Structures are given as C-alpha cells and as structure tokens.
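Each remark here refers to the structure printed beneath this line.
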Protein chains: 2
Amino acid sequence: MEHSFGKECALGLVEREVVEFFVRMANVLNLPRSVGEIYGVLFVSSKPLCLDDCRALLGISKGSTSQGLRILRSFGAIRTVYVPGDRKDYHIAETSLRKIVSGFAKEQIQPHVVSGKERVQRIRELLEDHKVDNPDDMREKIDMLENWQKRANSVLPLVLKLIGK
Amino acid sequence: MEHSFGKECALGLVEREVVEFFVRMANVLNLPRSVGEIYGVLFVSSKPLCLDDCRALLGISKGSTSQGLRILRSFGAIRTVYVPGDRKDYHIAETSLRKIVSGFAKEQIQPHVVSGKERVQRIRELLEDHKVDNPDDMREKIDMLENWQKRANSVLPLVLKLIGK
DNA sequence: CAGTTTGTTCAGTATATTTTGAACACTATG
DNA sequence: CATAGTGTTCAAAATATACTGAACAAACTG
C-alpha cells in the first residue's frame with residue numbers, strides 16, 4: 001500500500017520519482033517545473049499519452065499542459081504521434097539525448113548568443129563617438145568579449161560530437 | 001551630451017551597455033540580474049572597485065551588492081584584492097574565461113549532477129520492491145537515465161579543454 | 001448544422017525569486 | 001572604550017514568473 005505525499009495523483013511511487021528527476025532537470029535548465037513534469041510522465045510511460053492523460057496524471061491545468069507540450073515540441077524533446085481512429089494528439093518522449101540537447105541549444109540558447117553578438121557590435125559603434133575614461137583599455141575589453149563569444153560558439157558542435165547519438 | 005534612460009546612474013553610455021551585456025548573460029545562466037550588473041561594472045572598470053563603488057555606480061542596495069559579490073566570489077568570477085592603506089575590500093573581474101566557466105560549473109552545476117546521480121540510484125532501489133506497470137521497460141529507462149548522466153559528466157572536461165585558457 | 005471533442009489563449013491569480021534597508025557584528029582609530 | 005567605517009544578514013516588500021480556468025477556435029460527428 002502506497003502512501004500519498006501531498007496531493008493525490010495517479011502515478012505510482014517509482015513513476016513519481018522519475019518525474020521528480022526531470023523536474024530538477026527543468027530547474028537546472030531554467031524551464032518551468034510543469035515542462036519537467038510533462039517530459040517526465042511521457043518518458044516514464046510505456047505508451048503515448050494525450051494532453052488530458054498528462055494533465056490527469058500530474059494534476060495540473062489544461063493550460064499549463066498545453067503550453068508545456070508546446071515548449072517540449074519546440075526543441076524536439078517530444079514527438080507527436082498519430083493514433084488511427086482517435087482525434088486526440090498523442091505524445092511520446094524523444095529519447096535521443098543528442099536530439100534533445102541539440103534542439104535545446106538551437107532553440108533556447110542560440111537566440112541569446114545571436115543577440116549577444118549584436119550587442120557587442122553595438123558597443124563597438126558606441127565606442128566610436130562617445131567619450132570613455134580609457135579608450136584603449138575599453139577597446140581591449142570589447143575585443144575580449146568578442147573572443148569569448150567566438151570560443152563559446154565553438155562549444156556546441158563539440159558537445160554534440162562528444163555526446164554521440 | 002548624454003541623455004539618461006530611466007533612473008539616473010553614474011555610468012557612461014558605453015559602460016552601461018557593457019553592464020547590460022552581462023545582465024543578459026546572468027539571465028541566461030539563471031543568476032540574479034544584480035550579479036550580472038556587478039560583474040559588468042567590475043569588468044568595465046579599469047581599476048578595482050569596493051562594495052560601495054559598485055553600489056553607487058549601479059544604484060542598487062548594499063545588501064544586493066554584498067550578496068552579489070559573494071556569489072561572484074563563490075565561483076571565482078571576481079577576485080578580492082588588497083589595497084594598502086585602505087580598510088575596504090577591492091574587487092576586480094577575473095578575465096580568464098576558463099576559470100569562470102570552470103568555477104561556475106563546479107559550484108553551480110556539479111551539485112545538481114551529484115544529486116541527480118543519487119536520485120537515479122534511489123529510483124533503482126525503489127524499483128526493487130515496488131510494483132510498476134512494465135518492469136523490464138522501466139529498468140531499460142533507468143539504464144538510459146544513467147547513461148545520459150555518464151555522458152553529461154564527460155562534457156565539462158572537454159569544454160574546458162576546448163575553451164582554452 | 002447543432003452539438004461534441006480537443007487544443008489554445010490570455011487575463012487574473014498564485015507562487016517563487018530578488019531586492020531592499022535597517023539591525024547587527026566586527027574592526028580600526030583616536 | 002566610544003565612535004566611525006565596512007561588510008553581512010535577514011525579514012519584509014517588490015518584482016518576475018508560472019499556473020489556472022474560463023472563453024474561444026477549430027475540427028469532427030451524427
């Protein structure tokens with residue numbers, strides 16, 4: 001007999017623990033808790049689940065579930081599968097670590113990198129026609145920023161290579 | 001003549017832009033905005049700054065500044081330097097990307113990785129004496145989690161190697 | 001087409017995080 | 001040892017973020 005901790009929910013003890021694992025993951029990656037929960041419940045399930053399955057198993061709202069699924073889809077952490085004879089969309093967890101990492105990087109990190117690049121460019125321009133305390137020193141620092149960005153950019157491809165399939 | 005945007009502050013236009021760059025960085029890394037601001041102002045300054053310098057330049061509170069400096073110190077993003085004949089602590093930005101990344105990883109990421117490892121172990125144990133829908137499938141999934149962790153662990157050393165000094 | 005089922009959107013609410021500022025501890029200094 | 005200078009802590013306030021649920025849109029169904 002399994003005690004329930006906190007709110008009732010339809011998941012077994014082991015399943016709950018797996019979901020919690022992904023909640024922590026989400027936390028580290030700066031994603032909403034519900035996104036972790038949803039990926040977790042899909043990961044742990046041996047069959048595809050529809051929106052309402054996820055919602056019911058986790059005891060969260062339809063809105064959160066819909067948005068969570070959208071986010072997960074946006075970086076390829078889940079796939080939507082077609083089930084003949086059912087109008088609902090069914091979802092399964094993508095289990096290729098490489099795909100997930102690469103999707104996450106492309107969708108969630110890359111935009112920041114790009115805007116960072118623009119920002120440094122902008123600083124360079126400002127530096128042309130604005131007084132600063134120590135122009136040479138400042139120029140050196142902007143160079144350093146640009147160098148950091150270059151190196152940061154080179155990391156992802158390597159990580160993907162290393163992390164394999 | 002420089003217009004001021006929003007609140008008055010003691011930084012020039014270029015300096016403000018550099019600080020904003022690091023605020024975005026902080027954002028991506030899931031650190032408080034003030035931590036980004038403080039690193040930024042130290043990075044851009046050509047001389048060491050004390051707590052009250054940072055506070056005054058950024059227009060933030062003493063408490064935030066103290067905590068921000070502590071966090072930055074905790075992963076080696078800044079160093080505290082001794083200035084003879086002055087009771088105050090002075091701080092400078094560490095500019096070795098490698099040191100910063102490595103410190104950040106060790107202090108902010110590693111603990112999560114460790115607790116993740118424990119969590120997977122715990123799930124394995126639970127799996128021993130709790131019923132689940134499909135034990136074989138579940139075991140396979142826990143194996144996958146463990147495999148992911150191994151691969152994730154191998155990333156940092158490589159990133160450090162790649163990112164150079 | 002009227003009624004159902006499914007999924008999305010978004011304004012309002014709830015929650016979590018960050019910041020503030022006043023109280024405190026510590027040390028130096030006269 | 002009283003006072004001033006420096007940095008820390010933490011409870012309360014401010015802010016940012018995520019979640020809810022009702023209203024909606026779209027697509028099927030009889």
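Quick caveat, the model's predicted, so the values are computed rather than measured. Every chain is numbered from 1 and lettered A, B, ... according to where its sequence line falls, protein lines coming before strand lines.
For the pair B:R24 CZ and D:dA16 P, the computed distance is 12 Å after rounding to whole Å. B:Y82 places its OH atom 13 Å from the P atom of D:dG7, with the value rounded to the nearest Å. Rounded to whole angstrom, the span from the CG atom of A:D53 across to the C1' atom of C:dT5 amounts to 14 Å. Distance, A:N27 CG to C:dT17 P: 7 Å, rounded to whole Å. In this structure, B:Y90 places its OH atom 11 Å from C1' of D:dT6, rounding to the nearest Å. Taking atom CZ of residue B:R70 and atom C1' of nucleotide D:dG7, one finds them 11 Å apart after rounding to whole Å. In this structure, NZ of B:K62 is placed 15 Å from P of D:dC10, rounded to the nearest angstrom. As a whole-Å value, the separation of B:L29 CG from C:dT18 P is 13 Å.
In this structure, B:S64 reaches the C:dT20 phosphate: one of its side-chain N or O atoms is under 4.0 Å from OP1 or OP2. The side chain of A:R73 contributes no N or O atom lying less than 4.0 Å from OP1 or OP2 of C:dG7. The shortest distance between the side-chain N/O atoms of A:R55 and the OP1/OP2 oxygens of C:dT8 is not below 4.0 Å.
Within 4.0 Å (heavy atoms only), B:D52 reaches no atom of the nucleic acid at all. B:I60 comes within 4.0 angstrom of the backbone, heavy atoms only, and of no base.
Shown are B:D89, B:L51, B:T80; of these, the side-chain contact (heavy atoms from CB on, under 4.5 Å) with B:L69 is made only by B:L51.
For A:R87 and C:dT6, a side-chain-to-base donor-acceptor distance below 3.5 Å is absent, hydrogens and geometry of angles not being considered.
Near DNA chain D, defined here as any heavy-atom distance below 4.0 Å, the residues from residues 32-51 of chain B are B:L51, listed numerically.
Checking side-chain atoms of A:S45 against main-chain N and O of A:L42 turns up no donor-acceptor pair under 3.5 Å. Side-chain atoms of A:S115 come within 3.5 Å of backbone N or O of A:H112 as a donor-acceptor pair.
Ring orientation note: the planes of B:W148 and A:Y39 are tilted relative to one another, at an angle of 30° to 60°.
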